[in-house]
Amino acid sequence: MNMAIRFDEKKKMFQLNTKHSTYLIGLTPEGYVGHVYYGKGLHNMCGGYLLRTEELPFTPLVNEREKISFLERFPSEYPTGGIGDYRESCLDVKNESGSIGCELLFESYRIQKGKKGLPGLPASFGTEDEVETLEILCEDKILRLRVILSYSVFAACDIITRSVQVENAGNQRLRLEKVYSACLDMDNREYEMLTLTGSWARERHIQRGRIRYGKQLVSSVRGESSHQEHPFIALVTPDTTQETGEVYAMNFVYSGNFIAQAELNQFDQVRMVMGIHGDGFCWNLKPGEVFQAPETVLAYSSEGLGKMTRNLHDFYRGHLIRSVYKYKKRPVLINNWEATYFDFNSEKLLDIARSAKKYGIEMLVMDDGWFGKRDQDDKSLGDWTVNEEKLAPGLLDLVEKVREIGLEFGIWFEPEMVSPDSDLYRAHPDWAIQIPGRRPTQGRQQYVLDLSRSEVSDYIYKCVADILHSAPISYVKWDMNRYLSDIGSCCLDKDSQGELFHRYVLGVYEMQERLTTEFPELLLENCSSGGARFDPGMLYYSPQIWCSDDTDAIERLRIQEGTALIYPLSTIGAHVSDCPNHILGRNTPFSTRADIALAGTFGYELDITKISEEDRAQIPGQVEACHKYQELIQKGDYYRLASWSDRRPYDCWEVAAKDGSEALVTYIQVLSVPNMPSRVIRLKGLEALAEYRLEGAEDVYTGEELMNCGFLIPAEPGDFVSSRYHFVKK
Ligand code: DGJ
């Protein structure tokens, strides 16, 4: 398996090989592009019979009678709507006379080293040694529609990405009603579907259940990837655990509306699709125009969910996140949101900064409330001028003073929004997304700016850039606090309003591209009412994303477990906050809050001048732990060892260095149980014959001992208590 991609002219088959998996695509004599196989790595190109073209009372070239029964069962790489495959289609094209129908047949192919970017969209990347790309060109001769199916093979990470480009090569106006990015047709193997669901302050809880006949899906039509459902789907065999079972996963490199669906049909075939949601979507394609659909990431693992997780982590770290901070030390920050909400001024911030400095914290982030007349959340979004009553005598003075204290300075923006009570809205009411004649619905008392218009995004971008040029600012938190509704833009004609959702996302990407190009050293953290836009699209621009507004340590266990199922710990915005927790009213030990925040970017979100002396005294040790483990946590392999969401009274994870030289285990006893035994935790990722010393103790274990016999976590009473174990190779 040397070349990642090859084509067998005789068999008319493409073979895509990663280190441990193979993906096979077959062509029928007529030119249908079929899915043959995806699974464990194969040495030879075999399995062509899986297209089952001989079983049916139909061969398109000879006998047109039963084309429907062919199309209904054919395992297609990219099914189209309107011609007789009644399962979910990936591409629906309306012609000038208003009918939907499209049939794609193979034209040609190209195999290249490396991978091209996707214009206007975030996309994975790699060198010519890391990735190879197959482009299959298909055509509908009647519509003169050319479709390129792209497959990029990242062999070392066991990842294949897919994307689709659609070109109108004819001379009629076409209208795309739906363009998905990937499809996977397989025979059912009692698959279970695993997705991430939730709500505000309860994002990305893992949900799993057997698939049933019909369609089951997760999706968003909110204009962003959402708190509620996540652009991720995995089909897993019933025996799947962290270490066993087969996993087929798809993750969408996109931050707007999406669909991720599995459909079990009458023939026990499963069709798994992912793409931009068809609801509220259309795209007009004039002659000569091209539409680029976003990228989907495919991960296959024959070693359970744990392997999928580690492959995705490696892939996102190595091939999607671009920031210079990807592997760089990130400052331990303190954010004033939960400390002060809107009620702060320079003096208050400087008090926090002085105290934070004493305890080793490295950056102060000024959150919402520093601009316009923003003393509460019903005004001033869009008026990005410094409130000099609060920040007297000005922002530069505050930033300089914070830097003199010895901290870096970060700032909050919500660039995509406008408050009805703002000078911007009063001057440009038409800049808000709205349907003419209808008062737009408010969310958090704000409207969404129409970022499909360049004059709007240019203006807002300039406001943000001017502030960043006005003072030495090291960090930006880019927030977005409502979903889209009332989809209408005064700059789009009546047939193009369905383009607005996608054009909005393109507008956000364009602004973040400008920001990261103009300020390459800036540490950007995306955020959306907590974690409503935590997705691969945003990771392309920012190396970390605020994970959830819920900073309660125990709630964070489930939220961070679901998030870390896909995304590296280095991307997960996690802070220690005050107790009783502002959302739940729960009290947890300060040390537990820190141990859980350590499985993320680590920082504080509290009024350090007001917390107890006992808690404050723990901060230097916690900051030191962050410095000590940050590199391991950023670059290491993550293993989920036990899960509170599996109804256990405890939770446990490990990060092991890739070379097996050290491992950090975090154990959280969520609830104490009577008559409690000590717990055996089996470590992973160590060198079997090496010896490991448990830091802070005399104990020495061999790697195989820790991995096979396990490590004993002593029984101790108490709820919400945590412990950390650092094993270092001798
Ligand atoms: C929502 C974010 O998630 C919070 O951290 C905070 O920045 C608020 N917005 C500010 O309005």
Side-chain angles (χ1 to χ4, degrees), residues 198-204 222-228 255 333-344 348-349 352 363-384 387 390 409-422 442-449 464 467 473 475-483 508 523-535 538 542 544-552 555-556 559-560 563 571-578 581-584 593 597 600-607:
S199 179
W200 170 74
R202 194 158 30 85
E203 296 91 339
R204 290 174 294 284
R222 294 165 186 266
E224 63 172 343
S225 40
S226 92
H227 296 101
Q228 288 75 9
S255 311
L333 66 83
I334 184 160
N335 176 304
N336 75 309
W337 178 241
E338 288 196 26
T340 64
Y341 295 102
F342 296 102
D343 184 16
F344 63 88
K348 179 68 210 164
L349 295 176
I352 293 178
M363 181 159 74
L364 174 76
V365 175
M366 177 173 68
D367 210 282
D368 192 356
W370 56 266
F371 52 92
K373 300 191 179 82
R374 185 121 166 132
D375 291 325
Q376 54 197 55
D377 64 8
D378 65 349
K379 50 175 73 63
S380 293
L381 289 173
D383 297 345
W384 299 107
N387 178 339
K390 275 186 175 179
F409 189 87
I411 196 167
W412 178 99
F413 286 98
E414 191 174 0
E416 299 160 59
M417 299 291 154
V418 62
S419 305
D421 184 0
S422 67
Q442 293 184 15
R444 209 195 188 202
Q445 305 185 71
Q446 62 201 49
Y447 297 138
V448 185
L449 286 170
V464 173
I467 293 283
I473 294 171
Y475 162 108
V476 163
K477 177 173 172 186
W478 179 306
D479 205 348
M480 193 270 197
N481 282 307
R482 62 157 289 180
Y483 313 118
V508 174
L523 174 55
L524 178 62
E525 175 156 359
N526 269 296
C527 171
S528 176
S529 290
R533 208 162 55 179
F534 199 127
D535 58 58
M538 299 318 278
S542 66
Q544 60 192 58
I545 302 177
W546 184 230
C547 182
S548 176
D549 274 347
D550 196 336
T551 51
D552 173 76
E555 279 299 303
R556 275 286 180 133
I559 297 170
Q560 292 183 197
T563 308
T571 65
I572 299 177
H575 297 166
V576 177
S577 66
D578 202 1
N581 179 267
H582 291 196
I583 287 175
L584 286 162
R593 283 176 258 158
T601 55
F602 196 77
Y604 293 87
E605 180 117 2
L606 40 72
D607 189 342

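Excluded from the calculations below are hydrogen atoms, water molecules and symmetry mates; all remaining heavy atoms, backbone and side chain alike, are included. Sequential numbering from 1 along the given sequence is applied to the chain's residues. Order of appearance sets the numbers: ligands from 1, and atoms from 1 within every ligand.
- Salt-bridge check for Asp607 with Lys348: passed, with a basic side-chain N closer than 4.0 Å to an acidic carboxylate O.
- Neither the backbone nor the side chain of Ser528 has a heavy atom within less than 4.0 Å of ligand 1.
- Polar contact check, Trp412 against ligand 1: a nitrogen or oxygen pair lies under 3.5 Å apart.
- When only non-hydrogen protein atoms are considered, atom 11 (O) of ligand 1 lies nearest to Asp368 OD2, 2.7 Å.
- Taking the six-membered ring wherever Trp is involved, the centroid distance between the rings of Tyr475 and Trp412 does not fall below 6.0 Å.
- The proximity of Arg444 to ligand 1, defined as any non-hydrogen pair under 4.0 Å, is limited to the side chain.
- Below 4.0 Å from some heavy atom of Trp546 lie the following atoms of ligand 1, by number and element: 3 (O), 5 (O).
- Atom 3 (O) of ligand 1 has Asp549 OD1, 2.4 Å as its closest protein atom, hydrogens excluded (heavy atom only).
- For a threshold of 3.5 Å applied to N or O pairs, the pair formed by Gly530 and ligand 1 contains at least one separation below that value.
- Atoms of ligand 1 lying under 4.0 Å from at least one heavy atom of Ser529, given by number and element, are 1 (C), 3 (O).
- Ion pair Asp479/Arg444 not flagged as a salt bridge, since none of the NZ, NE, NH1 or NH2 atoms sits closer than 4.0 Å to an Asp/Glu carboxylate oxygen.
- Defined by atom type and a distance below 3.5 Å, a donor-acceptor pair is present between the side-chain atoms of Asn581 and Thr551.
- A cation-pi contact, defined as under 6.0 Å to the ring centre and within 45° of the axis, is absent between Arg204 and Trp546.
- One option in Asp479, Asp377, Asp367, Asp550 has a heavy atom closer to atom 1 (C) of ligand 1 than any other, and that option is Asp479.
- Interface atoms of ligand 1 facing Cys527, defined by a heavy-atom separation under 4.0 Å, are 2 (C), 3 (O).
- No donor-acceptor contact under 3.5 angstrom links the side chains of Gln446 and Asn481, judged on distance only.
- Contacts with ligand 1 closer than 4.0 Å are made by no heavy atom of Glu414, backbone or side chain.
- When the shell of 6.0 Å around NZ of Lys373 is examined, it contains 12 or fewer heavy atoms from other residues, nucleotides or ligands.
- What sits closest to atom 5 (O) of ligand 1 on the protein, heavy atoms only, is Lys477 NZ, 2.7 Å.
- For Trp370 and Phe413, the distance between ring centers is under 6.0 angstrom.
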